[in-house]
Amino acid sequence: MDHSQAPVLDALAAYHRRGYLPFTPPGHKQGRGTDPRVRTVVGDDVFRSDVLATAGLDDRMSSGGVLERAQELMADAVGAEQAFFSTCGSSLSVKSAMLSVAGPHEKLLVGRDAHKSVVAGLILAGIRPIWVEPQWDAELRLAHPPSAEAYERCLAEHPDARGALVTSPTPYGASGDLAAITRVCHDRDVPLIVDEAWGAHLPFHPELPAWAMDAGADVCVTSVHKMGSGLEQSSVFHLQGDRVAPEVLSAREDLLGTTSSSVLVYAALDGWRRQMVEQGRDLLQAVLDLARSVRAEIAGIEGMHVYREADFLGPGRAAEMDPLQIIIDIEALGVTGYSAADWLREHEGINLHVSDHRRISAQLTYADDEETTRPLLDALRRLSREAARGNEALDRAGEIRVPTPEELRMELVHLPRDAFFGRTEQVPVDRAAGRVVAEMLTPYPPGIPAALPGERLNTAVLDYLRSGVKAGMVIPDAADPKLESVRVYREP
């Protein structure tokens, strides 16, 4: 296919040349009605290009096939059979994929390290999750994607499962053996969904972890705004094979998605695909080289350890890792990742990616170069010095009581949907152990629920979350974010 084309961008340019006069939404009418103070901040062109997709970018019958051609080009670019654009983020895309595979009370194998959007899909659909245990690194206290053997055991125990879902890469850049997991699923003729939100860039360079479509997965969800140059909320889900019907996937997306899709998001997706096909390998090679030098620099900073393949890969751990996720263990500094991230933002103007009880991380993309990484490295050196001299701004850690894998895994008593929508009550946290939680309790980022609706809470998980909140952990989805109380299911 001719990847010099950009159907959405071309149609938008044609719209501007034609000078259409809209008597349709959006009500700002290409910015004419927008408060000038808003335009001063975000720019006139944002509003000028914010037009309807139907009866705007294309005619009311969509006879120009603008979006369809853009999606065909995307599928061709990454080696999928079909691609579907979403302007509601991968949080919606992954739900659409799940609902295409399983329905109410049907079983779906799900890695327990799934994002909260997956749990939301379980709640909405009434799917019964069969949890597949991640591979736990006891030394690093970090979870890697589940193994193929774990999926095989679960499928043997639950032969009526309708499909499986794995998250790979994780927000920490750890990837599972997708080819092996796919073989396990396909040997039983069940589809595999890969939540590859952090892997939109993977198809475009051979040094990066395996891309889900190349590994044989049936559906793959990517967030182009994370590691690509799409706008926030831009997502694509890719499809191949015949285990998931494209019309079913499209219908589920239509059920959940917006009827007012953003042409701005479509245009950025379209332009990113063209950029990656034409320049992607060179752009990614440059940032891979940059990442190597940045890692070497950080490794020389006192109290900081940059995770390498030797830390992440091997039996019982991850199969591959994305070197563009710079994960830095700062346990030796004696401060939490939460405190370090806050200090770097407040004092150095540096916003980091994931922070947890002992780590901080910096995500690199092909938008980075020495001009962006030099201030990062300088700030990390100052962080090390400030921690060494006992800066009180960094002394807010306290002890975060991280549970063992056994303590983290709580009994699922009720379906997530039943607990979430059932009768509930708010109880003091010191009375919550033994009760069935009715809400998600999710340290964010990375957004993996420590407790989810339907699980019976235990003291270890509650202590972890309470001590975490005191040390700076954020739990935004809790009814009481301070976690002085918890929403629980009221048994009939």
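On a predicted model such as this, the values are computed, not experimentally measured, just so you know.
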> Quick one: are Glu278 and Ser4 in side-chain contact, heavy atoms under 4.5 Å?
Replying inline: yes

> Crowded around Gln279 CD? As in, over 12 foreign heavy atoms under 6.0 Å?
Replying inline: yes

> Looking only at heavy atoms, what is the nearest atom pair of Pro191 and Asp218, with distance?
Replying inline: CA-OD2, 3.2 Å

> Can you find a pair of side-chain heavy atoms, one from Gln5 and one from Asp270, that are under 4.5 Å apart?
Replying inline: no

> With the threshold set at 4.0 Å, does a side-chain nitrogen-carboxylate oxygen contact exist between Asp463 and Arg466?
Replying inline: no

> With no hydrogens and no angle check, is any side-chain donor or acceptor of Arg487 less than 3.5 Å from a backbone partner on Val437?
Replying inline: no

> At their closest point, which heavy atom of Asp477 faces which heavy atom of Glu439, and how far apart are they?
Replying inline: O-OE1, 4.1 Å

>> Assess whether a salt bridge exists between Arg112 and Glu455, defined as any Lys/Arg side-chain N lying under 4.0 Å from an Asp/Glu carboxylate O.
In response: yes

> Do Ser384 side-chain atoms and Glu302 backbone N/O form a donor-acceptor pair below 3.5 Å?
Replying inline: yes

>> Whether Arg292 and Asp289 form a salt bridge (side-chain N of Lys/Arg under 4.0 Å from carboxylate O of Asp/Glu) is what I want to check.
In response: yes

>> Please check this pair: side chain of Asp187 against backbone of Val184, looking for a donor-acceptor N/O pair closer than 3.5 Å.
In response: no

> Is the centre of the Trp198 ring less than 6.0 Å from the centre of the Tyr172 ring?
Replying inline: no

> Looking at Ser168 and Val194, what are the two nearest heavy atoms and their distance?
Replying inline: O-CG1, 3.7 Å

> More than 12 heavy atoms of other residues, nucleotides or ligands under 6.0 Å from CD of Glu247: is that the case?
Replying inline: yes

> Out of curiosity, Glu152 CD to Glu157 CD, how far, rounded to the nearest 0.5 Å?
Replying inline: 11.5 Å

> Is the shortest side-chain N to carboxylate O distance from Arg409 to Glu133 below 4.0 Å?
Replying inline: yes

>> So, using ring-ring contact (aromatic ring centres under 6.0 Å, His included) as the criterion, who are the partners of His144 when residues are at least two apart?
In response: Phe312

> Once you round to the nearest 0.5 Å, how far does OG of Ser93 lie from CD1 of Ile193?
Replying inline: 11.5 Å

>> Quick check: closest heavy atoms across Ala379 and Ile350, and the distance to 0.1 Å?
In response: CB-CG1, 3.9 Å

> Can you find a pair of side-chain heavy atoms, one from Phe85 and one from Met74, that are under 4.5 Å apart?
Replying inline: yes

>> Is the shortest side-chain heavy-atom distance between Val402 and Arg141 below 4.5 Å?
In response: yes

> Of Leu109, Thr182, Val190, which meets side-chain contact (heavy atoms from CB on, under 4.5 Å) against Tyr151?
Replying inline: Leu109

> What's the shortest heavy-atom distance between Ala318 and Ser175, and which atoms?
Replying inline: CB-O, 3.6 Å

> Does Arg243 reach the main-chain N or O of Gly163 with its side chain, forming a donor-acceptor pair under 3.5 Å?
Replying inline: no

>> Once rounded to the nearest 0.5 Å, what's the spacing between atom CD of Glu370 and atom OG of Ser293?
In response: 6.5 Å

>> Regarding Ser223 and Ser90, do their side chains bring together a donor and an acceptor under 3.5 Å, going by distance alone?
In response: yes

>> Please verify the inter-ring angle class for His238 with Trp211; under 30° counts as parallel, over 60° as perpendicular, anything in between as tilted.
In response: perpendicular

>> Could you report the tightest heavy-atom contact between Ala451 and Met410, atom names first, then the distance?
In response: CB-CE, 3.7 Å

> Is there a donor-acceptor pair closer than 3.5 Å between any side-chain N or O of Arg273 and the backbone N or O of His3?
Replying inline: yes

>> My understanding is that only one of Thr459, Ile400, Asn458 makes a side-chain contact (heavy atoms from CB on, under 4.5 Å) with Tyr464; could you say which?
In response: Ile400

> Parallel under 30°, tilted from 30 to 60°, perpendicular over 60°: which one fits the rings of Phe237 and Phe84?
Replying inline: parallel

> Got Leu380 and Ile360 here, is their nearest side-chain heavy-atom distance under 4.5 Å?
Replying inline: yes

>> Measuring from atom CG of Leu178 to atom CG of Asp214, what distance do you get when rounded to the nearest 0.5 angstrom?
In response: 10.5 Å

>> When you measure from the side chain of Ser339 to the backbone of Val335, do you find a donor-acceptor pair of N or O atoms at a distance under 3.5 Å?
In response: no

> Under 3.5 Å, is there a donor-acceptor pair between the side chain of Glu320 and the main chain of Ala210?
Replying inline: yes

> Would you say Glu106's side chain and Gly103's backbone share a donor-acceptor pair under 3.5 angstrom?
Replying inline: yes

> Does any donor atom in the side chain of Ser229 or Gln275 lie under 3.5 Å from an acceptor atom in the other side chain?
Replying inline: yes

>> Side chains of Val436 and Glu491, heavy atoms from C-beta outward: is any pair under 4.5 Å?
In response: yes

> Is it true that a side-chain atom of Glu196 and a backbone atom of Thr222 form a donor plus acceptor pair closer than 3.5 Å?
Replying inline: no

>> Going by ring-ring contact (aromatic ring centres under 6.0 Å, His included), name the residues that satisfy it together with Tyr366, two or more places apart in sequence or in a different chain.
In response: none

> Is atom CZ of Arg128 surrounded by more than 12 heavy atoms (other residues, nucleotides or ligands) closer than 6.0 Å?
Replying inline: no

> How far does CD1 of Ile326 sit from CZ of Arg359, to the nearest 0.5 angstrom?
Replying inline: 15.0 Å

>> Within the structure provided, determine whether Ser117 and Lys95 are in side-chain contact (heavy-atom separation under 4.5 Å).
In response: yes

> Does CG in Asp242 sit with more than 12 non-hydrogen atoms of other residues, nucleotides or ligands closer than 6.0 Å?
Replying inline: no

>> Using a 3.5 Å distance criterion without hydrogens, assess whether the side chain of Gln135 forms a donor-acceptor pair with backbone atoms of Arg317.
In response: yes

